[in-house]
Novice: 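Quick one: structure below, then a few questions.
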2 protein chains.
Amino acid sequence: MTAADRVLLEIQRAIVEGDIPAGSKISEPELARRFDLSRAPLREALARLERCHLIERIPNAGARVVTLSKEGLISLYQLREELEGLACRLAAEQMTDAEIAEVRALLDQHLSTQRVREGESYYQEAGDLDFHYRIILGSKNPYLINILCDELYFLVRMYRVQLGMNGPRVSRAFDEHKAIIHAIANRDGELADLLMRRHIGASRRNIELQLTGNQA
Amino acid sequence: MTAADRVLLEIQRAIVEGDIPAGSKISEPELARRFDLSRAPLREALARLERCHLIERIPNAGARVVTLSKEGLISLYQLREELEGLACRLAAEQMTDAEIAEVRALLDQHLSTQRVREGESYYQEAGDLDFHYRIILGSKNPYLINILCDELYFLVRMYRVQLGMNGPRVSRAFDEHKAIIHAIANRDGELADLLMRRHIGASRRNIELQLTGNQA
DNA sequence: TTTGGTGTTATTGTCGACAATCTTTAGGTT
DNA sequence: AACCTAAAGATTGTCGACAATAACACCAAA
């Protein structure tokens, strides 16, 4: 693993968790000192951060961390609904019985840990992401996998971590996950598609509420 | 405009048109000499080429131009159907009457030039791409625009330029374009979505035929 | 002959310094 | 006082060289 990869992971985590605040300016020399490396691997990392929409660069003018907005959230989740719906249809055709069984085991595991850590949202985040990851990987479509897992999901996590995902929504999401994997196990891609779109739509509305509440 | 941007455009064109053959290995020193610049901006360009799926990089091992395959084509066009279908639905809501009129004027212009250059596919390519670009931009969804215009379309062009787009399909595509913009003008997003999916599906089958024919 | 190890070679990753560009600030003019 | 201009400062883009890693060839042993 290269130095650019390491610093990329660190900066990704820092931006997603708000350690580097949204909307703040990125200074290459400052970050280079902070992570104790040259600007070459740092610029490589910045290029990848731009790729996953965590920063915005203007030639000869610098880079800024993205700002979270209601319009951005809606645009992002419009795409998610469409792409993850497609992922469900493909997964219903492509996933092996073994892979489906693994996801079901994963969900059971989430359910038990969720009871213990009621209200603590971070682990739920990771679990939720993990579920979506599995379905997307199950589509076996490399371009779809790349877009969702490598380019869009860090921004999704940023919205969820910074704006929170709490209330009764947390426990309800598990049931929705169960229903989706059940439809996939039945090889009913259409139903899985529909359920996933509703699932993502509900998640969007939940974050939207937080967003309008906070900035009001 | 920076030097990395210039060399990026040149290499993109070279790969899309097969000047740098599909599947060939990329040598950083060689390309640096060939385009007469340092490796720093070249690596920046390579990073963006990877982003639009024209090359594949392995850490510490180099980069290769992608190889065109039937599976790759199908995966790519599955995504296109979904994303451009969404673009049509959004465009039917978001495009202004002026923008719609512009696209119609564009189509009329294509029709007249197409009659003149019957069979010459390259201009048709540009025209077809232009039409799709307009619809995508009309969706006003920045993430959707980024994915389709910046990341996927160079690969689409590569398939079409290298595997050809000929026969009666060329003229038929114009009628399909007409029908799509007509549906958008009527603010019928559902219909535009359906027509676009069929349009892209037909285009895929056409290239698929060429692909199976060539490698057989 | 095939397989495993080793040395060589070439490529990629990284570094520090220089050049080009933009932002900011100070100054002068209307 | 407001606005345009210009110089200073800082930041980004680019360069050539060095270090680390991986591919390759060669040789030895089974």
Side-chain angles (χ1 to χ4, degrees), chain A residues 1-15 19-67 142 146 150-151 154-155, chain B residues 1-15 19-67 142 146 150-151 154-155:
Chain A
M1 178 175 282
T2 175
D5 292 325
R6 276 193 297 275
V7 71
L8 171 67
L9 292 176
E10 284 203 62
I11 300 180
Q12 269 181 341
R13 188 207 53 76
I15 291 179
D19 196 355
I20 301 176
S24 64
K25 197 164 184 308
I26 294 276
S27 164
E28 291 188 8
E30 183 201 325
L31 280 185
R33 282 194 301 274
R34 179 166 163 182
F35 291 104
D36 195 44
L37 43 68
S38 168
R39 278 178 52 217
L42 184 79
R43 285 173 61 84
E44 169 91 23
L46 291 183
R48 298 195 200 167
L49 285 174
E50 185 183 21
R51 177 174 169 172
C52 55
H53 307 278
L54 290 183
I55 67 172
E56 288 167 352
R57 292 174 98 180
I58 301 170
N60 287 316
R64 306 191 75 88
V65 179
V66 294
T67 61
N146 177 257
D150 299 340
E151 294 178 6
F154 294 98
L155 191 56
Chain B
M1 178 177 280
T2 175
D5 292 324
R6 276 193 298 275
V7 71
L8 171 66
L9 292 177
E10 285 204 62
I11 300 180
Q12 270 180 342
R13 188 207 54 76
I15 291 178
D19 197 356
I20 300 176
S24 64
K25 197 167 185 309
I26 294 275
S27 165
E28 290 187 9
E30 184 202 324
L31 279 185
R33 281 194 302 274
R34 178 168 164 182
F35 292 104
D36 194 46
L37 42 68
S38 169
R39 279 179 51 218
L42 184 79
R43 285 172 64 83
E44 170 92 21
L46 290 183
R48 298 195 202 169
L49 286 174
E50 185 184 21
R51 176 172 168 172
C52 53
H53 307 278
L54 290 184
I55 68 172
E56 288 167 351
R57 291 173 100 181
I58 303 170
N60 287 317
R64 304 191 77 87
V65 179
V66 295
T67 60
N146 176 258
D150 298 341
E151 294 178 5
F154 294 99
L155 190 56

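Just so it is clear, the structure is predicted and the values come from calculations on it, not from any experiment. Heavy atoms only: backbone and side chains are in, while hydrogens, waters and symmetry mates are out. Chain identifiers are assigned alphabetically (A, B, ...) following the order of the sequence lines, protein sequences preceding nucleic acid strands; residue numbering begins at 1 within each chain.
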Novice: Would you tabulate the nitrogen or oxygen pairs shorter than 3.5 Å linking the protein to nucleotides 15-24 of chain D?
Specialist:
unit_1, atom_1, unit_2, atom_2, d
dC15(D), OP2, S38(B), N, 2.8

Novice: Under the salt bridge (charged side-chain N to carboxylate O under 4.0 Å, His left out) test, which residues partner R39(A), sequence neighbours left out?
Specialist: E28(A)
Novice: In whole angstrom, what separates E30(A)'s CD from dT12(D)'s P?
Specialist: 10 Å
Novice: Given atom CZ of R6(A) and atom C1' of dT14(C), what is their separation to the nearest angstrom?
Specialist: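 One finds 12 Å between C1' of dT14(C) and CZ of R6(A), rounded.
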Novice: Any non-hydrogen side-chain atom of I26(B) less than 4.5 Å from a side-chain atom of V65(B)?
Specialist: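 They are in side-chain contact.
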Novice: Please give me the minimum heavy-atom distance between R57(B) and A63(B), naming the atom from each residue.
Specialist: CG-CB, 3.7 Å
Novice: Under the side-chain hydrogen bond (donor to acceptor under 3.5 Å, both in side chains) rule, collect the residues that match up with R48(B), sequence neighbours excluded.
Specialist: D5(B), E44(B)
Novice: Please list, chain by chain and in numerical order, all residues satisfying side-chain hydrogen bond (donor to acceptor under 3.5 Å, both in side chains) with R13(B), sequence neighbours excluded.
Specialist: E17(B)
Novice: OP1 or OP2 of dT14(D) less than 4.0 angstrom from a side-chain nitrogen or oxygen of T2(B), does that happen here?
Specialist: yes
Novice: Give the minimum heavy-atom separation between D150(A) and C52(A), together with the two atoms involved.
Specialist: O-CB, 3.5 Å
Novice: Could you state the atom-to-atom distance from CZ of R57(B) to P of dT11(C) in whole Å?
Specialist: 15 Å
Novice: How far apart are the closest heavy atoms of L54(B) and Q12(B), and which atoms are they?
Specialist: CD1-CG, 4.0 Å
Novice: For the pair made of CG in L42(A) and P in dT14(C), what is the distance, rounded to whole Å?
Specialist: 11 Å
Novice: Rounded off to whole Å, could you give me the CD-to-P distance for the E44(B) and dT12(C) pair?
Specialist: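 Going from CD in E44(B) over to P in dT12(C) covers 17 Å.
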Novice: For the pair made of CD1 in I26(B) and C1' in dA10(C), what is the distance, rounded to whole Å?
Specialist: 17 Å
Novice: Whole-Å distance between dT12(D) P and E50(A) CD?
Specialist: 13 Å
Novice: Whole angstrom is fine here: how far is it from CE in M1(B) over to P in dT14(D)?
Specialist: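 To the nearest whole Å, that distance equals 12 Å.
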Novice: Return the polar atom pairs (N/O with N/O) between nucleotides 7-10 of chain D and the protein under 3.5 Å, or none.
Specialist:
none

Novice: Restricting to side-chain hydrogen bond (donor to acceptor under 3.5 Å, both in side chains), what partner residues turn up for E50(B), sequence neighbours left out?
Specialist: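 Partners of E50(B) under the side-chain hydrogen bond (donor to acceptor under 3.5 Å, both in side chains) test: none.
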Novice: Side chains of L31(B) and V7(B): does their closest heavy-atom pair fall under 4.5 Å?
Specialist: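 A side-chain contact is absent here, since even the closest heavy-atom pair is not under 4.5 Å.
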